Every structure is written in structure tokens, then in C-alpha cells.
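Data first, discussion second: the structure below is written as C-alpha cells.
Remember, predicted model here, so these are calculated numbers, not experimental data. Each residue takes its place number in the sequence, starting with 1.
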Amino acid sequence: ASLWLDISKLDLTAEEDSVEPTVKYEESTGVTVSAVDADVISQSALSFLQSNYAKELANLGENYTVLTRVELTEQKGAAVQEKVKNAVSAIAKDYKIGSYYEISVKADVLSNGQAVEGMTDIAVPVLMKKVSLNIAVPEALKKTGRTFLMYHYQNDKAVKLETKAKDNVLTFETDSFSPYVLTYKDAVGKGTASGRHPGAGPLPSPMGHGGKNYHRLRHHDEQGPGGY
């Protein structure tokens, strides 16, 4: 006799519950992003780790946590590469260099609340799409009427980024990370269009002293002797 199993009432689509890794974005000092962009950064970091650290993550199972953040560090003196200086100076034109930055996305992997050895401060070089970064204008560069432009140094050249300024906060978009350079230009003061120093005072009247009287004297001369 044959034994038949009635499977009509079995749920063949049921799958085992999977544990997704936890991904969190940590606020950083000096740079802020929106909640939407924080999610882009976090998911980009997770994707990068899963592609480049697959073996290490497999050893942890799926129950691990990824902490992500954007780090901004001002570069000074010998820390600034000459090739970065030269690339920006070559195209900045009438803008002056204000500050050099290193901006990066970093990720840490935690298991059971503890940092995993060899999986901290991992640099994420590129994101899935562009995000907006907000940074404060340095105190030393704050000035009424000043215009700012941020440059991104990548692939051995400087790229100008559209930079918006409001309430001493600069906003620009990017999807990759490496050196950045903040430049500025001051508004042209009144009177400088003619090349004269703003404090030089008004030009002397072309009519000379006396204004209207001078005009009348010229008119008298043109009439000849004897009348106005």
C-alpha cells in the first residue's frame, strides 16, 4: 500500500526568521546631516562592510551592530599636502584659501556591545548617492558679505562644489570622501570699482570751485565781451 501525505494545508512559503544587523548613525562634532542622509550613510557603510569584510561578518553571524559617523578634521601646517594646495590655488581665482579639512565616513562593528578587534575606524570611501553636509563657518572666517566655496580634492584634481551659506552654516553635497578646502571672497566695497581706495574721499567737482558760478563765467566768455 502506498502512503500519501496531504500537503494542501501546509504553508510551504514560511521561512525562518532572520536577524538583521543593527545599523546606527552617531552625531559628529563639526558636521551635521539630515535623518534621511544619515540613513544613506549608514546603509552605504553596511553595504561596504558586507562586500569587503564578508568573512569577518560571517564569523559574527547576523547579530552584530554597525555604528557609522562623519568625521571632520581641520588640517594645518605639514598635515596639508602640497598637491592639494596647488590644485585648489590653480582654479580658485579670486577666492582665498580659508581652511583645509579631512572629511571621512567611518564605521565600527560591535558584537554583544563590544567593539570587534580589527573592525573599528573603517573608512567608507563612497556612498550610494550624494548627501548634504552642514558645517559651521570657522570663527576666524566669519565676516558680513563674505562668500564661500568648498572644493573637493579627488583623483588628483580639485572640484568646485556648490556651497550654500545661511546663518554661518555652509551646506554642500558629496558622495565621496578625502581632502576638502574651504575658500572665501569678500564683497567689493563702494568706490572700489573705479580703482580708488574706499577712504580716499569724493572726487573733486569737474566744475571746479563755485559750481554754478563757473558755469555762468564760461557762458559769459562764450558770449564775448559785453553781455550774458
Task: Intermediate values then yes/no, side-chain contact (heavy atoms from CB on, under 4.5 Å), Met150 and Ile135 - done: CA-CA 11 Å; Met150 185 69 81; Ile135 69 171; 3.5 Å; yes

TODO: Could you give me the CA-CA distance, side-chain angles and deciding distance for Leu127 and Phe177, then say whether side-chain contact (heavy atoms from CB on, under 4.5 Å) is met?
DONE: CA-CA 9 Å; Leu127 304 180; Phe177 299 89; 3.6 Å; yes

Task: Worked check of side-chain contact (heavy atoms from CB on, under 4.5 Å) between Thr144 and Arg146 - done: CA-CA 6 Å; Thr144 302; Arg146 180 165 283 179; over 6 Å; no

TODO: Show the numbers, then the answer: is there a salt bridge (Lys or Arg N to Asp or Glu O under 4.0 Å) between Lys129 and Asp175?
DONE: CA-CA 6 Å; Lys129 62 180 182 179; Asp175 59 0; over 6 Å; no

Task: From CA spacing to verdict: side-chain contact (heavy atoms from CB on, under 4.5 Å), His152, Phe172 - done: CA-CA 10 Å; His152 182 200; Phe172 56 94; over 6 Å; no

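For the side chain to side chain donor-acceptor pair (under 3.5 Å) test, residues two or more places apart in sequence or in another chain that qualify with Thr174 are Tyr180. Scored by the side chain to side chain donor-acceptor pair (under 3.5 Å) test, Ser89 finds no partners at all (sequence neighbours excluded).
Scanning both residues, Ala115 and Thr120, for their nearest heavy atoms gives CB-CG2, 3.8 Å. Pairing each heavy atom of Ser44 with each of Val124, the nearest pair is O-CG1, 4.4 Å. Residues Ala123 and Phe48 share a closest heavy-atom pair of O-CE2, 3.5 Å. For the pair Val31 and Leu72, the tightest heavy-atom approach, listed with the atom from each and the gap, is CG1-CB, 4.3 Å. Here the closest non-hydrogen pair linking Gln154 and Val159 is NE2-CG2, 4.1 Å. The nearest pair of heavy atoms linking Tyr153 to Ala87 is CE1-CB, 3.7 Å.
Atom CE of residue Met128 and atom CG of residue Leu46 lie 7.5 Å apart, to the nearest 0.5 angstrom. Expressed to the nearest 0.5 Å, how far CG of Asp186 lies from OG1 of Thr147 amounts to 8.0 Å. The structure places OG1 of Thr65 at 7.0 Å from CG of Asn63, a figure rounded to the nearest 0.5 Å. The distance from atom NZ of Lys96 to atom NZ of Lys185, rounded to the nearest 0.5 Å, is 12.0 Å. With values rounded to the nearest 0.5 angstrom, Gln43 atom CD is found 5.0 Å from Asp39 atom CG. Expressed to the nearest 0.5 Å, how far NZ of Lys24 lies from CG of Leu67 amounts to 7.0 Å.
The local environment of NZ in Lys142 is crowded, with over 12 non-hydrogen atoms from other residues, nucleotides or ligands closer than 6.0 Å. Asp121 CG: more than 12 foreign heavy atoms inside a 6.0 Å radius. No more than 12 heavy atoms of other residues, nucleotides or ligands sit less than 6.0 Å from atom NZ of Lys160.
By the rule that hydrophobic residues join a cluster once side-chain heavy atoms approach within less than 4.5 Å of another member, Leu149 and Tyr101 end up as members of separate clusters. Cluster annotation: Ile97 is connected to Ile91 through the hydrophobic network of ILVMFWY side chains, with a link wherever side-chain heavy atoms come within less than 4.5 Å. The hydrophobic clustering, which links ILVMFWY residues whose side-chain heavy atoms are closer than 4.5 Å, places Leu161 and Leu141 together. Two different hydrophobic clusters hold Val88 and Phe148 under the rule that ILVMFWY side chains link at heavy-atom gaps under 4.5 Å. In the hydrophobic cluster analysis, where Ile, Leu, Val, Met, Phe, Trp and Tyr join through side-chain heavy atoms closer than 4.5 angstrom, Leu57 is grouped together with Val105.
Between Glu173 and Glu162 the shortest side-chain heavy-atom distance does not fall below 4.5 Å. Residues Gln75 and Pro179 have side chains not in contact (no heavy-atom distance under 4.5 Å, counting atoms from C-beta outward). A heavy-atom distance below 4.5 Å is not found between the side chains of Thr171 and Thr163. The closest side-chain heavy-atom distance from Tyr64 to Val116 is not below 4.5 Å. Residues Val137 and Val169 are not in side-chain contact: their nearest non-hydrogen atoms beyond the backbone lie 4.5 Å or more apart.
Although no hydrogens or angles enter the test, the distance criterion places no donor-acceptor pair under 3.5 Å between the side chain of Asp37 and the main chain of Val33.
Classification of Arg69 and Asp108 as a salt-bridged pair holds, one side-chain N sitting under 4.0 Å from a carboxylate O.
Of the N and O atoms on the side chains of Ser28 and Glu71, not one donor lies less than 3.5 Å from an acceptor on the other residue. Counted by atom type alone, Thr68 and Ser42 present one or more donor-acceptor pairs between their side chains at under 3.5 Å.
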